[in-house]
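Notes to accompany the following structure.
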Amino acid sequence: MDEKYFPQEIEPKWQKRWADEKTFEVSEDHSRKKFYCLEMLAYTSGRAHIGHVSNYSIGDALSWYKRMRGFNVLHPFGWDAFGQPAETAAIKHGTDPEQFTREAIATMKAQFQKMGISYDWSREVATCDPKYYKWNQWFFIEMFKRGMIYRKKSPVNWCTKENISLSNEQASGGVCWRCGEPVIQKELMQWFARTTDYAGELLDALDKMEGDWPERVITMQRDWIGRSRGAQVTFKIADFDDSITVFTTRIDTIFGANAITLAPEHPLIAKLTEGTPQRDEVLTFAEKLKQQNRSARTLGELDKEGIFTGAYAINPFNNERLPIWVANFVLIEYGTGAVMGVPAGDERDFEFSRKYQIPFRQIKLTQEGREIPGDELGKPNEEWTTTVNTGEWSGLSSREANEKMTAYAEAHGFGKGSITYKLRDWGISRQRYWGTPVPMIHCEKCGTLPVPEEQLPVVLPKGVNLNVTEGSPLDHVPAFVNVECPQCQGAAKRDTDTMDTFVDSNWYYFRYCDPHNDQQPFAKEKIDYWMPVEQYIGGIEHAVMHLIYTRYWTKVMRDFGLVSFDEPVTRLLTQGMVCKETFYCPNKTCEHYEWLFPEEVSDDKRCNFCGTPVVVGRVEKMSKSKKNAVDPIEMIARNGADALRLFVLFAGPPEKDKEWSDEGFDGTARYLNRVWRVAYKWHSRISAAPSLEINQSALNEAQRKLRRRTHQLIRHLTENFEGRMHLNTCISSLMELTNEIYAFDQTVDKTGAATVTDAAVVRAALEALIRMLAPFAPHICEELWEQFGHRESLAKTAWPEFDEALAREEEVEIAVQVNGKLRSRIFVAPDADDDVLRATALADDKIKANLEGKQIVKVVVIPRRLVNVVIK
RNA sequence: CCCGCUGUAGCCUAAUGGGUAACGGCAACGGGCUUAAAAUCCGUGUAAUGUGAGUUCGAAUCUCACCAGCGGGACCA
């Protein structure tokens with residue numbers, strides 16, 4: 001055994017051996033329990049970053065632990081290989097997205113392999129592989145046939161910088177989620193998946209996921225799906241045959257309605273104004289409202305603007321004539337795109353009515369039962385809940401009025417109970433090249449038809465000019481576009497949209513279960529064995545989009561009969577970001593004004609270029625632009641992958657953000673050296689001594705203590721892995737165990753030569769340590785394990801068994817309080833009962849002194865913890 | 001504006017059904033080893049647990065209010 005620890009030699013050695021021996025490759029084995037540990041697939045940016053290390057270290061620790069506990073562990077990896085950045089990069093460098101992506105995968109794979117994560121690489125999947133995306137197309141067609149995917153013309157979010165359409169989620173806040181540019185509206189024919197069909201189930205199932213998914217992810221998904229229960233009410237239009245249907249959650253306020261308001265996109269506007277003098281004015285105004293910046297519209301910063309169409313609707317409850325308006329604050333995508341305005345019950349309607357001076361009636365009472373006239377009202381108050389001026393329903397509570405009036409509307413055929421969701425159908429079309437081609441054909445005679453299944457996959461053509469200024473690059477490839485109609489054999493055109501990459505990531509981890517299947521996306525019996533995922537680990541940024549779409553896709557696949565469960569992921573862990581402090585040169589005349597690299601800042605915190613004191617910025621997520629990123633590959637070269645992995649796990653609980661520290665990183669490397677040194681020191685003694693059955697009753701105090709601490713720490717690590725997964729505390733326990741071994745070593749040194757029993761006890765402690773450290777630092781542990789004479793990889797070695805009897809303390813310290821204040825400590829046997837504790841505490845000299853002349857009210861006894869004497 | 005999470009020594013973190021506030025690390029300081037330094041071994045703890053109240057024999061932990069930081073939502077009828 002080498003005296004020194006050389007991670008640069010050990011790590012490649014074990015990485016090679018694991019690969020040669022296929023240590024982590026698995027197959028279905030019905031005699032063993034399976035465990036599916038999954039980390040989110042990597043986007044092929046071309047470079048590993050510290051977030052990857054953090055993500056994979058968590059999953060690898062759990063995979064190692066479960067493997068050592070006897071589970072058949074599936075731990076696969078793959079690449080999120082389609083998407084806009086590869087296309088942008090290809091345009092910039094004059095290469096091809098495929099070449100760019102293949103090179104990125106090769107580079108990143110080599111980098112990730114240096115981390116030594118225990119992946120079954122034989123199951124690797126890249127989403128840009130036609131063998132993979134063929135099944136995206138297959139799913140698309142199956143869903144199209146069942147009406148679950150459809151096409152409609154709709155205003156889409158459009159990023160002018162990237163010339164790409166964005167989903168509502170991707171355009172959240174009115175800016176592009178990737179580049180931050182403001183988003184404009186553009187009308188296009190788009191493919192949509194009917195996610196709203198599953199909105200209710202997606203929402204309700206979240207209740208059962210409480211405790212297994214992070215609370216904030218569940219909250220975010222609930223908010224995003226956003227269910228409202230209410231009613232649809234149909235209003236006849238005076239002098240027209242048409243009617244307008246509105247959605248309202250407060251049908252009980254309908255007697256207070258003073259207008260019907262339509263979204264500017266509402267199809268009835270043109271008809272209602274036809275042949276009227278105000279027609280042009282209304283249409284122009286509606287057009288203006290449509291073009292209003294979506295960001296302001298969704299940010300709620302928009303001034304309310306509207307125009308009267310000249311038409312009137314009839315309130316079915318009281319036959320009042322209500323003017324029909326068009327206004328910008330009504331959204332076409334939500335509900336029916338039309339609302340009834342009730343100023344007394346809704347702040348928006350109140351504000352709008354006040355601005356345009358539309359009179360209205362009060363329909364609620366104050367708490368004292370007083371009616372508020374409209375002009376006295378500052379704004380609607382939700383505490384006013386009793387209904388007035390509401391015909392036969394006056395005097396009812398809101399809830400009661402809602403129920404009864406909905407039933408009335410239903411009975412009279414002008415309304416019904418209705419549920420509306422904030423969740424919209426998912427726009428999956430992209431007008432770009434680097435994605436899965438939509439497998440559809442447009443024929444002038446036969447309409448829109450799917451590509452016949454035997455012709456799948458529709459492969460992306462190569463050598464395409466990406467630098468087009470209009471539409472999609474695929475529009476400009478005649479050989480791709482011009483096809484024969486599968487029905488009439490006439491000339492037809494291929495659809496040139498590609499799919500959102502969230503389609504790829506919806507089901508990639510199903511594919512891992514059967515990655516080479518060319519007959520179907522996956523075989524059901526393999527899914528039945530491996531799925532669902534026991535533990536999924538990834539970033540919080542995927543809380544809404546990816547994790548809702550993949551849940552949706554699972555339910556679709558279930559309804560196709562492909563899988564037999566409802567939810568794909570049992571437990572979810574969202575890992576924190578790795579952050580670092582930032583430096584900023586505030587001198588605008590300096591050539592390096594703005595962010596600085598740490599090495600550009602002097603020890604006394606000045607800019608190296610201009611001498612100005614730097615601003616020490618906040619501790620932020622590592623990023624290229626803020627110049628605070630550390631390169632994991634450099635770190636591996638410095639201290640090894642084991643130390644790097646250990647550091648990111650030790651810096652804090654997995655779900656919390658962590659701060660990078662060079663000193664802390666060196667500290668974990670120092671720790672591994674410390675483990676190596678003590679293993680080296682005892683290596684020859686242990687090798688010389690035959691393995692020995694330890695006779696507990698013959699051990700001295702130091703030996704008993706080391707055994708006891710060993711088993712206490714086995715308990716701690718085991719419980720932590722099974723429960724909270726606070727891996728940082730596992731590592732501190734391992735350090736503690738290491739310190740105990742050193743302490744024992746010291747006592748042996750003081751008393752002279754080590755005995756055979758000493759060697760046996762240290763061996764037991766060290767081998768427990770090596771096995772428990774393996775999930776965090778597998779290379780060094782495999783090496784030490786081999787040095788200690790074991791032939792079999794730790795991956796095939798059992799986790800240490802916890803022995804309750806050996807962990808038991810011989811004596812415990814009990815705090816003794818008087819009126820809640822600590823006054824003394826006593827030592828008793830751990831199983832001492834209440835009477836013994838009470839008697840021992842009261843007999844204590846310090847306690848006696850405190851009780852002098854006082855009356856004991858009661859004595860609280862907590863076994864193994866404390867005694868509290870309450871006095872007066 | 002609404003909702004949620006977090007707040008513990010100089011710093012990061014622990015305390016798992018209220019029960020002795022430091023398990024571990026970083027930094028600092030002292031000592032051993034060394035001609036010296038590095039490395040290494042041993043040792044050293046300095047907090048009214050963000051602020052204020054409440055419940056309790058007892059609160060970092062439960063309740064309320066406030067402050068700070070972070071995150072989510074925000075004309076969704």
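Proteins come first, then strands; the chains are lettered A, B, ... in the order of their sequence lines, and each starts at number 1.
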(message) Side chain of A/Pro653 only, heavy atoms from C-beta on: which candidate in B/rG73, B/rC23, B/rU13 is closest?
(response) B/rU13

(request) Between B/rG71, B/rC76, B/rU20, spot the one nearest the side chain of A/Arg216, thanks. (result) B/rG71

(request) Under a 3.5 Å limit for both distances, which nucleotide forms a Watson-Crick or G-U wobble pair with B/rG17, could you say? (result) none

(message) Using Watson-Crick or G-U wobble geometry with both distances under 3.5 Å, which nucleotide pairs with B/rU46?
(response) none

(message) Need the pair for B/rC62. Rule: Watson-Crick or G-U wobble, both distances under 3.5 Å, any strand; none if unpaired.
(response) B/rG54

(request) Would you classify A/Tyr421 as touching base, sugar-phosphate or nothing, given that sugar-phosphate means primed atoms plus P, OP1 and OP2, and contacts are heavy atoms under 4.0 Å? (result) nothing

(request) Round to the nearest Å and state the distance from A/Leu649 atom CG to B/rG25 atom C1'. (result) 14 Å

(message) Rounding to an integer number of angstrom, what distance separates B/rC23 and B/rG69 when you compare their C1' atoms?
(response) 27 Å

(message) Taking atom types as they are modelled, would you say the side chain of A/Arg709 forms a donor-acceptor pair with the base of B/rC23 within the 3.5 Å cutoff?
(response) no

(request) Answer with base, sugar-phosphate or nothing: what part of the nucleic acid does A/Asn720 contact at a heavy-atom distance below 4.0 Å? (result) base

(request) Would you check if there is a donor-acceptor pair between the side chains of A/Trp682 and A/Asp745 at a distance under 3.5 Å? (result) yes

(request) Rounded to the nearest angstrom, tell me the gap between atom CZ in A/Phe665 and atom C1' in B/rU13. (result) 19 Å

(request) Identify which one of A/Thr196, A/Thr195, A/Ile225 satisfies the side chain to side chain contact (heavy atoms under 4.5 Å, CB included) criterion when paired with A/Leu202. (result) A/Ile225

(request) Determine the Euclidean distance between corresponding C1' atoms of B/rA68 and B/rU51; express it in Å to zero decimal places. (result) 10 Å

(request) Verify the contact: side-chain N or O of A/Asn728 to OP1 or OP2 of B/rA14, cut-off strictly under 4.0 Å; return yes or no. (result) yes

(request) Return the nearest nucleotide to the side chain of A/His716; candidates are B/rU16, B/rC76, B/rU20. (result) B/rU16

(request) Give the minimum heavy-atom separation between A/Thr336 and A/Thr245, together with the two atoms involved. (result) OG1-O, 2.7 Å

(message) Whole angstroms only, please: what is the NZ-C1' distance between A/Lys858 and B/rU56?
(response) 9 Å

(message) So that I can tick it off, tell me whether A/Asp844 and A/Lys846 are bridged by a salt bridge, with the cut-off set at under 4.0 angstrom between side-chain N and carboxylate O.
(response) no

(message) Going by the glycosidic torsion and a 90 degree boundary from 0, is the base of B/rA27 oriented syn or anti?
(response) anti

(message) Looking at A/Glu347 and A/Lys304, is any side-chain nitrogen of the basic one under 4.0 Å from a carboxylate oxygen of the acidic one?
(response) no

(request) Would you indicate what A/Glu351 reaches in the nucleic acid, counting non-hydrogen atoms under 4.0 angstrom: base, sugar-phosphate, or nothing? (result) nothing

(request) For nucleotides B/rG7 and B/rG32, find the distance between their P atoms and express it as a whole number of Å. (result) 42 Å

(message) Using a distance-only criterion (donor-acceptor N/O pair, under 3.5 Å, no hydrogens), is the base of B/rU13 paired with the side chain of A/His726?
(response) no

(message) Assuming nearest nucleotide by heavy-atom distance, tell me which of A/Ala651 and A/Phe247 is located more 5' along RNA chain B.
(response) A/Ala651

(message) Using heavy-atom distances to pick each residue's nearest nucleotide on RNA chain B, tell me which of A/Tyr742 and A/Asn819 is more 5'.
(response) A/Tyr742

(message) At 4.0 Å (heavy atoms only), tell me whether A/Glu719 reaches a base, stays on the sugar-phosphate, or touches nothing.
(response) nothing

(request) Measure the shortest side-chain to side-chain distance between A/Lys580 and A/Val630 over non-hydrogen atoms and say whether it is less than 4.5 angstrom. (result) yes

(message) Under a 3.5 Å cutoff, is there a donor and acceptor pairing between the side chains of A/Gln712 and A/Arg715?
(response) no

(request) Would you kindly give the CG-to-C1' distance between A/Asp657 and B/rG69, to the nearest whole Å? (result) 12 Å

(request) Please lay out, stage by stage, how A/Lys355 and A/Glu305 fare under the test side-chain contact (heavy atoms from CB on, under 4.5 Å). (result) CA-CA 9 Å; A/Lys355 177 168 178 181; A/Glu305 287 186 86; 4.1 Å; yes

(message) By the 4.0 Å heavy-atom rule, please label A/Lys821 as base, sugar-phosphate, or nothing.
(response) nothing

(request) Would you please test A/Asp252 and A/Arg250 for salt bridge (Lys or Arg N to Asp or Glu O under 4.0 Å) and show each step? (result) CA-CA 5 Å; A/Asp252 62 311; A/Arg250 295 294 302 276; 3.0 Å; yes

(request) Scan A/Thr729 against the nucleic acid and name what it touches under 4.0 Å (heavy atoms): base, sugar-phosphate only, or nothing. (result) sugar-phosphate

(message) Tell me the interatomic distance from A/Asp662, atom CG, to B/rA27, atom P, rounded to whole angstroms.
(response) 11 Å

(request) Might you point out which heavy atoms bring A/Pro830 and A/Glu809 nearest each other, and give the distance in Å? (result) CG-O, 2.9 Å

(request) Tell me whether the OP1 or OP2 atom of B/rU6 has a side-chain N or O from A/Lys656 closer than 4.0 Å. (result) no

(request) Determine the Euclidean distance between corresponding P atoms of B/rC62 and B/rA14; express it in Å to zero decimal places. (result) 16 Å

(request) Select base, sugar-phosphate, or nothing to describe what A/Ser661 touches, counting heavy atoms under 4.0 Å on all strands. (result) nothing

(request) Could you give the distance separating B/rC3 and B/rG10 at their P atoms, to the nearest angstrom? (result) 35 Å

(message) Please pick, from B/rU16, B/rC76, B/rA27, the nucleotide with the shortest atom-to-atom distance to any side-chain atom of A/Arg724.
(response) B/rU16

(request) Output yes when at least one side-chain N/O atom of A/Arg674 is less than 4.0 Å from OP1 or OP2 of B/rC41, else no. (result) yes

(message) Can you see if the side chain of A/Arg677 gets near the phosphate of B/rC41 - specifically, an N or O under 4.0 Å from OP1 or OP2?
(response) yes

(request) Round to the nearest Å and state the distance from A/Asp745 atom CG to B/rC42 atom P. (result) 9 Å

(request) Ignoring backbone atoms, establish whether A/Arg670 has a side-chain N or O less than 4.0 Å from OP1 or OP2 of B/rA27. (result) yes

(request) Please measure how far the P atom in B/rU13 lies from the corresponding atom in B/rC70, and state the result in whole Å. (result) 16 Å

(request) Please state how far atom CZ in A/Arg348 lies from atom C1' in B/rC76, giving the value in whole angstrom units. (result) 7 Å

(request) With P as the reference atom in both, quote the distance from B/rA59 to B/rG52 in angstrom, rounded to an integer. (result) 15 Å

(request) Please work out if A/Ser733 contacts a base, only the sugar-phosphate, or nothing of the nucleic acid, heavy-atom cut-off 4.0 Å. (result) nothing

(request) Check the pair A/Arg399 / A/Glu403 against salt bridge (Lys or Arg N to Asp or Glu O under 4.0 Å), numbers first and verdict last. (result) CA-CA 6 Å; A/Arg399 213 184 117 179; A/Glu403 284 167 15; 3.6 Å; yes

(request) May I ask which nucleotide in the shown strands pairs with B/rG4, Watson-Crick or G-U wobble, both distances under 3.5 Å? (result) B/rC70

(message) Heavy atoms within less than 4.0 Å of RNA chain B: which residues of residues 859-872 of chain A have one? Give them sorted by number.
(response) A/Val860, A/Ile862, A/Arg865, A/Leu866, A/Asn868, A/Val870

(message) Need one value for A/Arg222: base, sugar-phosphate or nothing, where a base atom within 4.0 Å counts as base even if backbone is also close, heavy atoms only.
(response) nothing

(message) Would you measure the distance from the P atom in B/rG72 across to the matching atom in B/rG54 and give it in whole Å?
(response) 37 Å

